[in-house]
There are 2 protein chains.
Amino acid sequence: MSQRPLDDASSSILAAAREILAAEGQAALTVRRIAAGAGGSTMNVYSRFGGKDGVIDALLIEGFEHLTAAIRAVRTTKSPLADLLRCGVAYRTFALDHQAHYELMFDRVVPGYVMSERAHVTAAAALGTMADRVQVAMDAGLIRRGDTVATATVLWSACHGPVSLEMKGVGPPSTDWAEVNRQLMAAAVAGLSAGQRR
Amino acid sequence: MSQRPLDDASSSILAAAREILAAEGQAALTVRRIAAGAGGSTMNVYSRFGGKDGVIDALLIEGFEHLTAAIRAVRTTKSPLADLLRCGVAYRTFALDHQAHYELMFDRVVPGYVMSERAHVTAAAALGTMADRVQVAMDAGLIRRGDTVATATVLWSACHGPVSLEMKGVGPPSTDWAEVNRQLMAAAVAGLSAGQRR
DNA sequence: CCGTTACGATAACACTGTTATCACCACGTC
DNA sequence: GACGTGGTGATAACAGTGTTATCGTAACGG
């Protein structure tokens, strides 16, 4: 999956970073902590990954790969529209199960960090997986024909919106976010369905 | 609007913070910069606002108040559904015009910061403004009756999703985000419309 | 077996938010 | 009016951060 196999030191650094991120959130993800967790010194992080941003980038790529896998893992049935709705549920499940990872992927929480080219490509691949499912629904004549990626972006937004607000704790605490997610996703799919105009 | 009138020092600190945030983004928003911008010392920030979090909180509240005003400013016509759609446009316009503020409001970008009670109330007020417009549409029999706040949360998510992804630069650069925003908002409104079931 | 080279641990640097110190200035009292 | 007292705020210190420079060491080539 990764561009080239990592040596032991690199992979242990990445493993340590992954562990810290999952266990204590991104605020605890410091170069010193990562280095200590990997059993090396801070210089290791810099020689292997070029700095903290490099580690972030690697984790981000991992995250998008997992998201792609999660979307791909949604089973394909005879009802492509229902499949798309289940993708929305899978998306939310992934986000809630890997909150820290998700924040890393979709919030620019690390000040100076900018996504690398490879990270952008991996993110595009995740969107592409969604677009593939959109294609299936189009071929079945269930949603309007058009650019699959653009359509997938709409659905992606319908997933990300509720998930993002839910994780940030905006809105009343009593909110049933699973229901919000379901409603918006259902509305989006219905809005794209072939019967409707515009 | 604010709980109690601020003295000169407090308001100049807030003004400096607002200016730095708008001009250079939240990464430049340091206590020393704020104090220097306000012409005082760092201690001022601590005695007036209790620390950086207090300033963030004040800016956040301002942001939600502006958002509330932006939604309220959308003109009310004889077509409540069209009004809701224009709210979506206004929402995106607000977000793009005040990117740094929006990130402060919806990304937990400052590590240890947690919203104060007052901030939560102000955020709820913004959602309430949206809920008011939902109420109008319900009264007109245009969308299904139900909890206005829950319905407003769905619409809010439909606004936030595209805006968030657009600002983060996720997705292909050629994406027409205004169109994504329009489509999702239209789909959400349609999905809530009285004619549809579920 | 030595010279070179590259690696990595340590420590330093420029920052950050936060806190302690402490001079100073205004006020109240004699 | 002079003096003691209080609080305010500027300075500097502290514990972190990411990053970089120094420099000992260990491995490799001849």
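Worth knowing before you read on, the calculation uses all heavy atoms, side chains too, and leaves out hydrogens, waters and symmetry mates. Naming: A, B, ... by sequence-line order, numbering from 1 per chain.
Toward the 5' end of DNA chain C, the nearer of the two residues Arg32(A) and Tyr46(B), judged by each one's closest nucleotide, is Arg32(A). When the nearest nucleotides of DNA chain D are assigned to Gly40(B) and Leu29(A) by heavy-atom distance, the more 5′-ward of the two goes with Gly40(B). The 5' end of DNA chain C is approached more closely, in terms of each residue's nearest nucleotide, by Ala9(A) than by the other of Ala9(A) and Val31(B).
If you check every strand for non-hydrogen atoms under 4.0 Å, Ile34(B) touches nothing. Counting non-hydrogen atoms under 4.0 angstrom, Gly112(A) reaches nothing in the nucleic acid.
Between Asn44(B) and dA10(D) there is a side-chain polar atom (N or O) within less than 4.0 angstrom of OP1 or OP2. Within the structure, a side-chain polar atom (N or O) of Arg48(A) is placed less than 4.0 Å from OP1 or OP2 of dG8(C). OP1 and OP2 of dG8(C) both lie 4.0 Å or more from every side-chain N or O belonging to Ser41(A).
Lys52(A) has its NZ atom 9 Å from the P atom of dT17(D), to the nearest Å. Atom CG of Asp53(B) is separated from atom C1' of dT19(C) by 15 Å (rounded to the nearest Å). Rounded to whole Å, atom P of dG18(D) lies 14 Å from atom CD1 of Ile13(A). Distance, Phe49(B) CZ to dT18(C) P: 14 Å, rounded to whole Å. Regarding Arg33(A), its CZ atom lies at a distance of 17 Å from the P atom of dT19(D), rounded to whole Å. Rounded to an integer number of Å, the gap from CD1 of Ile56(A) to C1' of dT17(D) is 13 Å. Atoms CE (Met43(B)) and C1' (dC22(C)) sit 12 Å apart, rounded to a whole Å.
Side-chain contact between Gln26(A) and Val110(A): present, with at least one pair of heavy atoms (C-beta onward) separated by less than 4.5 Å.
Checking each of Met105(A), Glu62(A), Glu65(A) against Thr122(A) for a side chain to side chain contact (heavy atoms under 4.5 Å, CB included) leaves exactly one that passes, namely Glu65(A).
Arg145(B) and Asp139(B) are joined by a salt bridge, as a carboxylate oxygen and a charged side-chain nitrogen come within less than 4.0 angstrom of each other. For Asp57(B) and Lys52(B), the salt-bridge test fails: no basic side-chain N is under 4.0 Å from an acidic carboxylate O.
Between the side chains of Tyr102(B) and His66(B), no donor-acceptor pair of N or O atoms lies under 3.5 Å.
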